[in-house]
Each structure stands twice: as C-alpha cells, then as structure tokens.
Student: 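I'd like to ask some things about the structure below.
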Amino acid sequence: MNPRQLQVCLAAAAGLLGLGLFAPCMTLHPAFGDITPLVRLLKPDLTAPTTYSILEGIRSMFDEGSIFIGVVVLLFSVVFPVWKLGVYFMAAARRARGLDTGASVRWVNQLGKWSMLDVFVLAVLVVAIKGLPGGSRVAIEWGAAAFCASVLLSIYISLHIGGPRNSVASGAAED
Amino acid sequence: MTENGSTESPPAPSPFYYGVPLLIVLAVGAVFFLGEKTGNEDKVVPSRKVVVGKDYYVLVTLMEFHPAKRGGASWDGGSSAPDLYYQLSWHGKTIYHTKNDVVKNVLIAKWFGLGANVSVMDLRKVLSNEGQRLSPRNLIKAASIFVEPNGELVIRAYDDDPLRDDFAGGCAIPLADLEPGDNAYFIDAEGKPTRDRDRMAADRGGLKRFVLRVVDSAQPVEKLVEALR
C-alpha cells in the first residue's frame, strides 16, 4: 500500500470514527413485562425509547457521577483512536517523503491491543443492557457499525503502514 | 546516483498531520449536528392533510370557553366556572361525547385520548396475570371517522347543568381540512372556526377555541398509544 492509498484509508477511518462517535449507537426500548401498556399510560416517560451516541453515553456517565468509567471510555474510545490515526497520518506523510515512519508508530503498535478496549467496552455495555428484565431490549444503531468499521480499518492500516521502510538510508542502500 | 543533496534527509512533515484525523472527526460531527438540527426543524412544519379514504380517530384535547355565555350572562350560579363537555357528530349522528367525563368548574378543559375506569379489584386482576387483560385498544377514548371528500365533523360544546345543559357553541369542520396531529381552531366574531388566532373573537361569549386531535387509526397499537395519550 503506497502512502497515497494509506492517506485515503486513514481519511476514511477518521470519517467513520466521527460518525461512530456522533451518530446514534444504540437505542434502549424499556419494557415492564405484562404491565408495559399500563406503565405506558401512567408513566409514559418510563417507556420512551432512548437513543445514545457514544459521546452522549460518555456525557451521561459524567452527569451521573461515574467519572472513572467515563474517563476510561473517553480515553480508549475517543482520545486513543484519534491519536492513533494522527500518528498514522504523520507516518504516511513521512513515508511519502521517503522517511522512516518514526518511533511513534511503534509505540502505537505496542499499545494497539489497548485499542480493542473500545470494542470491548461497547460489547459489555450492550450485553449488560440486554440483560435487563421485563423485555427491555437494545437496538444497535448504525453509529456502532461505523465505529467498528473505523476500528477494523485502522487495524488494517496498522498492518500495512509497517516499520522503517522507504527511508532515505534504505533507499540509498537499494540504489 | 544523484546530486549532492541526496545524502541529506528531506524535511520532516509538518506536525499539522497529527491533527488531521481530529479535524475530520470534528467536521463529521459538525455536519452530523447541523443535519440533525435541520431535520428537527423540518419535522416542526406540519403540512400534510388527512388522506381521503382512510380511517382516523378524532377527539377534542382542549376546549376553552369565554368567561360568560353568549349575551353576557354568567355560566353557573354566582362566580362558578362552567362544567365542560363536548359532542362530536358525523353524518348527522352523535358518534362521541364526554357527557360522562365532564370537566367541572373550569374555563379550559383537557381530555386525553386514552383512559380507563378500572377499579382497584380489576387492576389487581390485570397486574396478577389472572382474569381480564387490559388492551390498549379498549382504552381509546375518541371517535372513529372515515374521511370522505365532502364529509364534515360537527363539534358542539356544552356547559353541563343539572336541569338543562347550556349550549356554548359549535361548528362544522370539513374533514379534508384536517391534518394528522393537533388542529387548533378559534371561533371568530361570526361564530365560525378559523385557524387564524388573530381572528378569534375577543369577547363573544360561549365557546372560544378548541384543539381537535386527528390520529391515523391504522397505526400499530404502540404508536396509537403514543399519539392519543
């Protein structure tokens, strides 16, 4: 994969990440078993479906006082993926100029396993909410698919961005 | 192989590249936010009319009387406010009324499209999975109409009194003029309904305004509940 193709893939991954963070990720449909119609009549707000994006979910964690969990999810679902793509963008630019991709790529690849944490957090959230009693259910929205696609695309990019290739030194040696 | 400069490293790319993904993410977020905002604004504009040949539920969700009857007489004895109820007629027949759901001593009355007169014993049966079931369809408190090109719905408002109910006002609404959702009508100086609030009669007496809710009856029960409540 040449640097130009890498940059296109990185731009796509960043776009998908943006969609994944801002678009609806999941919708919670509360239910109360057999008395759902009655609850709907008496307390309609309790049965109203609620849609969350990842960022709205993080904000509600902060609002409800779950600061630690909120910070962890913010770091590994927002900050780390954006930083990782930034490092890859820089690496692709360096490769385009015939330079080594730089130590930061090695750092990102070392920390790469942490990037799966965002998928893990999402999965845990879904499983946790799906386990609610009374027939409540969670519908996964397209934002979650965009987020997962961004993670998968960034993994694919990490496989192709490689280490110290196309450097001036190696290029000179080849010549 | 090349010139003198070939042994020197080319300049490193600008640190700006680190920020490119963040800019893209923020740009997508901005587009998404703006698109959502525009979508919400579009939703506010109600332009659809009811469809001829379809069935709808209709009910009055709000009704307001002037402080006095037509002619200036007071509603009930002393300073009491009237006891409101209404009646819907279609094809010359009364198809719905709230005579058994009078809102007492008010100038503004509200009704809901769902409700049930359930006793505590009945409620226990419903909650305990034995005996009768509570179906949302049985709880609908609205008239059912079929929209025809020249059809009309007649609304009559009354003050409920022990001896003889006072007629507060009424009007006929062409069905084709209705929109799904809430239709606000104001009674003008000639006693005719208008959607223009500025034409509402200031001190005519009797019926002042009302809101007619129209709900597509072919919707799933869950949406009906949402629309009628």
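The shown structure was predicted, so the numbers you read here are calculated from the model rather than taken from an experiment. Chain letters run A, B, ... following the sequence lines, proteins first, then strands; residues in each count from 1.
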Student: Got a donor-acceptor contact below 3.5 angstrom from the B/Asp160 side chain to the B/Leu84 backbone?
Tutor: no

Student: Do the side chain of B/Trp111 and the main chain of B/Lys141 share a donor and acceptor less than 3.5 angstrom apart?
Tutor: no

Student: After noting the C-alpha distance and the side-chain angles of B/Asp165 and B/Tyr85, does the key distance pass the side chain to side chain donor-acceptor pair (under 3.5 Å) rule?
Tutor: CA-CA 10 Å; B/Asp165 296 346; B/Tyr85 78 92; 2.5 Å; yes

Student: Please answer whether the main-chain N or O of B/Gly169 pairs with a side-chain N or O of B/Arg156 as donor and acceptor at a distance below 3.5 Å.
Tutor: no

Student: Counting only non-hydrogen atoms closer than 4.5 Å, does A/Ala23 touch chain B with its backbone (N, CA, C, O), its side chain (CB onward), both, or neither?
Tutor: both

Student: Measuring heavy-atom distances to chain B, does A/Ala91 have an atom under 4.5 Å in its side chain, in its backbone, in both, or in neither?
Tutor: neither

Student: Examine whether an atom of A/Leu10 lies under 4.5 Å from a heavy atom of chain B, and if so say whether it belongs to the side chain, the backbone or both; otherwise answer neither.
Tutor: neither

